[in-house]
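Here the structure is laid out as C-alpha coordinates; the discussion comes afterwards.
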Amino acid sequence: MQEIAKLRETIMKILKNKRAKLKLNDILIDVVKDNEEEYYIILEKEKYLASIVIANPYYAPYKNVSFEIYRVDDAKIIFSYYDNENTTFHENIEKIDEIMDCFINIS
(Lines give C-alpha, C1' and ligand atoms only; values in the text may rest on other atoms or scores of the structure.)
Protein backbone atom coordinates (compact mmCIF):
# COMPACT_ATOMS: atom_id res chain seq x y z
CA MET A 1 0.00 0.00 0.00
CA GLN A 2 2.80 2.42 0.86
CA GLU A 3 4.41 1.90 -2.56
CA ILE A 4 1.15 2.86 -4.29
CA ALA A 5 0.80 6.04 -2.22
CA LYS A 6 4.39 6.99 -2.98
CA LEU A 7 3.95 6.31 -6.72
CA ARG A 8 0.67 8.25 -6.77
CA GLU A 9 2.23 11.26 -5.05
CA THR A 10 5.21 11.27 -7.43
CA ILE A 11 3.02 10.96 -10.54
CA MET A 12 0.95 13.89 -9.33
CA LYS A 13 4.18 15.92 -9.05
CA ILE A 14 5.20 14.88 -12.58
CA LEU A 15 1.81 16.01 -13.90
CA LYS A 16 2.12 19.30 -12.04
CA ASN A 17 5.59 19.90 -13.49
CA LYS A 18 4.31 19.14 -16.99
CA ARG A 19 1.13 21.20 -16.62
CA ALA A 20 2.21 23.84 -19.16
CA LYS A 21 3.19 21.21 -21.76
CA LEU A 22 -0.06 19.32 -21.19
CA LYS A 23 -2.10 22.48 -21.67
CA LEU A 24 -0.08 23.57 -24.72
CA ASN A 25 -0.78 20.19 -26.36
CA ASP A 26 -4.51 20.23 -25.46
CA ILE A 27 -4.22 17.16 -23.25
CA LEU A 28 -7.06 16.56 -20.83
CA ILE A 29 -6.64 14.58 -17.63
CA ASP A 30 -9.48 12.53 -16.20
CA VAL A 31 -8.96 11.03 -12.74
CA VAL A 32 -11.00 7.81 -12.78
CA LYS A 33 -10.00 6.52 -9.32
CA ASP A 34 -7.99 8.12 -6.56
CA ASN A 35 -7.86 6.30 -3.27
CA GLU A 36 -5.40 4.43 -1.04
CA GLU A 37 -5.55 1.28 -3.13
CA GLU A 38 -5.67 2.62 -6.67
CA TYR A 39 -4.77 5.66 -8.73
CA TYR A 40 -6.15 5.56 -12.27
CA ILE A 41 -5.99 8.42 -14.76
CA ILE A 42 -6.70 8.83 -18.44
CA LEU A 43 -4.93 11.38 -20.59
CA GLU A 44 -6.78 12.45 -23.73
CA LYS A 45 -5.27 13.98 -26.84
CA GLU A 46 -6.84 14.45 -30.27
CA LYS A 47 -6.09 10.98 -31.71
CA TYR A 48 -4.65 9.26 -28.65
CA LEU A 49 -5.50 8.13 -25.15
CA ALA A 50 -3.15 7.08 -22.39
CA SER A 51 -4.01 5.27 -19.20
CA ILE A 52 -1.93 5.10 -16.07
CA VAL A 53 -2.94 2.63 -13.38
CA ILE A 54 -1.16 2.40 -10.05
CA ALA A 55 -2.53 -0.48 -7.99
CA ASN A 56 -1.96 -3.91 -6.54
CA PRO A 57 -3.71 -5.91 -9.24
CA TYR A 58 -5.58 -9.10 -8.53
CA TYR A 59 -4.75 -10.37 -11.97
CA ALA A 60 -2.67 -8.30 -14.36
CA PRO A 61 0.67 -8.36 -16.13
CA TYR A 62 2.17 -5.82 -13.74
CA LYS A 63 3.16 -5.39 -10.10
CA ASN A 64 2.04 -1.81 -9.43
CA VAL A 65 2.31 0.22 -12.65
CA SER A 66 0.55 0.00 -16.00
CA PHE A 67 0.98 2.77 -18.59
CA GLU A 68 -0.58 2.30 -22.03
CA ILE A 69 -0.91 4.62 -25.01
CA TYR A 70 -3.76 3.90 -27.45
CA ARG A 71 -4.33 5.17 -30.97
CA VAL A 72 -8.04 5.96 -31.18
CA ASP A 73 -8.41 5.47 -34.96
CA ASP A 74 -7.74 1.75 -34.86
CA ALA A 75 -8.10 1.10 -31.12
CA LYS A 76 -4.57 -0.27 -30.85
CA ILE A 77 -2.12 -0.04 -28.01
CA ILE A 78 0.93 1.55 -29.58
CA PHE A 79 3.06 1.68 -26.45
CA SER A 80 2.88 0.00 -23.07
CA TYR A 81 4.89 -0.26 -19.91
CA TYR A 82 4.30 -2.66 -17.03
CA ASP A 83 6.52 -3.00 -14.01
CA ASN A 84 7.38 -6.34 -12.41
CA GLU A 85 8.65 -7.72 -9.12
CA ASN A 86 12.22 -6.60 -9.91
CA THR A 87 11.40 -3.03 -10.97
CA THR A 88 12.55 -0.38 -8.51
CA PHE A 89 10.58 2.70 -7.53
CA HIS A 90 13.16 4.90 -9.26
CA GLU A 91 12.93 2.86 -12.49
CA ASN A 92 9.14 3.21 -12.46
CA ILE A 93 9.31 6.98 -12.03
CA GLU A 94 11.91 7.36 -14.79
CA LYS A 95 9.83 5.26 -17.17
CA ILE A 96 6.57 7.07 -16.34
CA ASP A 97 8.25 10.44 -16.90
CA GLU A 98 9.73 9.24 -20.20
CA ILE A 99 6.45 7.82 -21.50
CA MET A 100 4.56 10.93 -20.40
CA ASP A 101 6.93 13.01 -22.56
CA CYS A 102 6.40 10.58 -25.43
CA PHE A 103 2.63 10.97 -25.12
CA ILE A 104 2.86 14.77 -24.94
CA ASN A 105 4.94 14.90 -28.12
CA ILE A 106 3.10 12.24 -30.12
CA SER A 107 1.26 13.44 -33.20
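Remember, predicted model here, so these are calculated numbers, not experimental data. FYI, the numbering just counts along the sequence from 1.
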Indicate yes or no for a side-chain donor-acceptor contact from [X] to the backbone of [Y] under 3.5 Å, with no hydrogens or angles considered.
X   : Y    : answer
N25 : I27  : no
N64 : I4   : no
Y48 : S107 : yes

Measuring from atom [atom1] of [X] to atom [atom2] of [Y], what distance do you get when rounded to the nearest 0.5 angstrom?
X   : Y   : atom1 : atom2 : result
E44 : L22 : CD    : CG    : 12.5 Å
M12 : I29 : CE    : CD1   : 10.0 Å
T10 : I96 : OG1   : CD1   : 8.5 Å
D97 : F67 : CG    : CZ    : 9.5 Å
I41 : I52 : CD1   : CD1   : 4.0 Å
R71 : I69 : CZ    : CD1   : 11.5 Å

Are [Y] and [X] linked, directly or through intermediate hydrophobic residues, by side-chain heavy-atom contacts shorter than 4.5 Å (ILVMFWY only)?
X   : Y    : value
Y39 : F89  : yes
V31 : F103 : yes
L28 : I104 : no
Y82 : I99  : no
Y81 : I78  : yes

Pairwise side-chain contact, [X] with [Y], heavy-atom cut-off 4.5 Å (strictly under):
X    : Y   : answer
V53  : E38 : yes
M100 : L43 : yes
F79  : E68 : no
D101 : K18 : yes

Heavy-atom closest contact (Y62 atom, V65 atom, distance):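 Of all heavy-atom pairs spanning Y62 and V65, the closest is CB-O, 3.2 Å.
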Test side chain to side chain donor-acceptor pair (under 3.5 Å) applied to T87 - qualifying residues, sequence neighbours left out: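 Side chain to side chain donor-acceptor pair (under 3.5 Å) check on T87 returns N84.
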Among V72, D73, D74, side chain to side chain contact (heavy atoms under 4.5 Å, CB included) partner for K76: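 Of V72, D73, D74, side chain to side chain contact (heavy atoms under 4.5 Å, CB included) with K76 is met by D74 alone.
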Chi angles and distances behind the salt bridge (charged side-chain N to carboxylate O under 4.0 Å, His left out) call for E3, K6: CA-CA 5 Å; E3 181 87 1; K6 197 171 161 185; 5.6 Å; no
Derivation of the side chain to side chain contact (heavy atoms under 4.5 Å, CB included) call for L7 and I93: CA-CA 8 Å; L7 283 164; I93 296 307; 3.9 Å; yes
Electrostatic pair D34-R8, nearest N-O below 4.0 angstrom: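 Salt bridge between D34 and R8, a charged N being under 4.0 Å from a carboxylate O: yes.
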